[in-house]
Amino acid sequence: MQKLTVALWIAAPPVVIALLAIAFGGFDRPVSLSAGSTAWRFVDEFGRNTFGTLALAVLLSLAKGLAITSAVAILSSVLAYVAILGDQSWARPVLRGACAVIESVPLVLWIVIVAVSVKGPRLWVTMVAFGVLVLPPITQIILGEFARLKSLPFVEAAYLLGLSETRVFARYVLPAAVPVLIPVFTQVLGNAIAIDGAISVFGLGSRSDVDLGVFLLRGKEQFVSHPELLILALLAYGVVYLYLQWLAYRSNSGIFPQDLQVAP
Amino acid sequence: MRNSVSALLYSVAGIFGAHSLAFLLVSVLPQAAVAALGILSSNKELLSAFSQVNPSRTYFATLSGFLVGDLGRTLDGQPVTIELMQALGESAPRVGASIFLLAGGCIATAMWVKEEERLLWATSDFIAFLPPFVAPFLGLAAILGIEISTGAALPDAVYEIIAVMALSLGGGALLVSQAARITQRNLRSEFVRSIRAAGAGYWQTRIRILHNLTAEISPTFEKLVVGLAASLFFVEPILGLGGFGTLAARAVRRSDIDLLLGITLVVASLVAVCRLSVLVVREAYGITES
């Protein structure tokens with residue numbers, strides 16, 4: 001019952017946004033525009049309803065961000081787990097070296113360089129580039145947290161009870177790391193949502209893309225004729241931020257089941 | 001000493017690693033001439049002529065050039081070193097003013113934040129969450145709004161002030177958020193209770209915990225330099241100002257390989273210098289990295 005409540009709490013805001021997208025015609029075909037008709041309020045230059053497109057952009061950006069973040073979360077946790085299972089002495093210098101290289105240059109510049117270099121579907125190229133580039137720093141953070149938890153008495157007690165390495169990790173170490181992992185992944189998610197807009201500033205994206213970052217960029221470009229675009233895009237960012245913060249807050253107190261809140 | 005040598009080695013690895021990775025990305029994967037010529041690359045004569053005028057350099061040529069200060073030439077035939085120096089000369093005052101603002105914000109937070117203040121870091125968290133291109137958008141919106149309402153173009157100095165504020169906003173929010181949290185935690189510590197009981201006044205207490213804050217927050221400085229560089233890539237092109245960010249945008253749009261490599265090296269070197277400076281500051285406070 002409690003897990004169902006969790007699922008409902010997490011899914012409710014995206015479902016509401018999806019319903020808003022349907023209600024405002026975000027999935028409808030664009031209307032054909034006659035000359036000068038882009039001056040209409042709440043219809044963009046592509047003939048799409050602004051509210052519907054914005055709701056759809058929020059939904060798609062969240063989905064895209066969640067997909068990248070989930071992939072990074074799984075990969076980094078597995079890498080940190082593999083590193084911590086054996087001798088850690090090789091893992092830390094390797095990760096530190098990889099972080100020294102990647103963190104030496106702003107993420108956006110790396111991704112833009114990848115986007116201009118690699119020919120292929122832009123969506124996949126940027127998603128993969130972003131995932132690969134954030135992987136070493138995130139793995140380093142998770143490895144540090146796993147190493148800290150592994151030395152705590154409740155984990156040692158679990159080993160003494162004869163539980164297997166995998167079971168101790170899945171049942172005790174990973175859940176106890178959730179309060180550290182959620183804020184980290186919230187930050188990754190925020191960056192993942194913004195990345196398409198960021199590369200569009202360099203002239204690499206398409207203005208017709210349904211994406212929150214691109215929406216923000218169009219808001220700036222059409223500030224004089226359509227100031228509502230920028231205001232709505234910023235409000236949408238506020239909504240996404242509050243949703244993510246609320247998830248992070250709830251991960252520590254409330255909706256997550258008790259067995260996911262192992263207090264060391 | 002061991003920590004300093006280790007940090008120096010990682011910094012050097014960071015610079016050369018960033019250069020190698022950037023080289024791999026920009027020149028090994030695609031054909032540079034195709035990327036630069038775009039649709040015109042279907043013309044074989046043009047492609048051949050372009051390749052002759054702009055011969056692609058090997059990795060070792062770029063590396064040895066870097067070691068003697070020769071970063072190659074841009075697609076326009078200008079030496080990259082000169083282009084970078086000119087751009088850095090334009091951006092340096094903006095970055096300097098931003099760092100001054102950031103330090104001021106950090107000190108002000110340490111001096112005046114209340115023990116239970118939450119609105120400050122909640123607001124700062126939200127600003128830090130926004131993408132780095134939002135601040136220049138808002139700056140440009142403000143400029144356009146004023147210019148339209150007054151019917152007159154604003155002087156260049158206003159653009160510079162807006163640029164400095166846009167540069168500082170994201171990093172400043174992150175710094176203020178962290179400074180507020182650390183100061184509030186320190187204010188609740190046994191140490192502060194002890195010095196208050198011993199008769200320390202408001203300012204004495206605040207100045208004492210400012211030292212703790214400096215030691216704790218200095219690693220964020222390294223991230224802030226990366227953040228400032230990232231903001232430059234948006235602020236200058238969006239506000240139409242010349243400088244390092246505009247040069248980077250130009251390099252990306254034209255797939256100017258030598259220029260991109262030069263930009264990567266400059267940023268990586270700046271980060272390495274900051275990383276070492278942070279280490280020195282922390283060691284001065286008796287904190288050694290594990």
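Remember, predicted model here, so these are calculated numbers, not experimental data.
- For the atom pair B:Glu147 CD and B:Leu154 CG, the distance stands at 4.5 Å (nearest 0.5 Å).
- Looking at B:Leu9, neither its backbone nor its side chain comes within 4.5 Å of chain A, counting heavy atoms on both sides.
- Going from atom OG of B:Ser20 over to atom CG of B:Leu261 covers 9.5 Å, rounded to the nearest 0.5 Å.
- Annotation: B:Met165, atom CE; neighbour count of heavy atoms from other residues, nucleotides and ligands within 6.0 Å does not exceed 12.
- Interface residue B:Val267: backbone and side-chain heavy atoms are both found under 4.5 Å from chain A.
- Only the side chain of B:Leu140 comes within less than 4.5 Å of a heavy atom in chain A; its backbone stays farther off.
- Between the NZ atom of A:Lys64 and the OG1 atom of A:Thr126 there is a distance of 6.5 Å, given to the nearest 0.5 Å.
- Counting heavy-atom pairs closer than 4.5 Å to chain A, the top residue among B:Ala18, B:Ser11, B:Ser269 is B:Ala18.
- Looking at B:Arg275, only its side chain comes within 4.5 Å of chain A, counting heavy atoms on both sides.
- Interface residue B:Leu138: only side-chain heavy atoms are found under 4.5 Å from chain A.
- Residue A:Val105 touches chain B through both its backbone and its side chain, counting heavy-atom pairs closer than 4.5 Å.
- Panel note: side chain A:Trp110, backbone A:Leu133; no donor-acceptor pair is recorded below 3.5 Å.
- Looking at B:Ala13, only its backbone comes within 4.5 Å of chain A, counting heavy atoms on both sides.
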Decide yes or no on side-chain contact (heavy atoms from CB on, under 4.5 Å) for B:Phe16 and B:Leu21, but give the supporting numbers first.
CA-CA 9 Å; B:Phe16 283 100; B:Leu21 190 56; over 6 Å; no
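- Interface residue A:Leu230: only side-chain heavy atoms are found under 4.5 Å from chain B.
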Worked check of side-chain contact (heavy atoms from CB on, under 4.5 Å) between A:Glu145 and A:Lys150
CA-CA 9 Å; A:Glu145 180 62 6; A:Lys150 215 182 165 195; over 6 Å; no
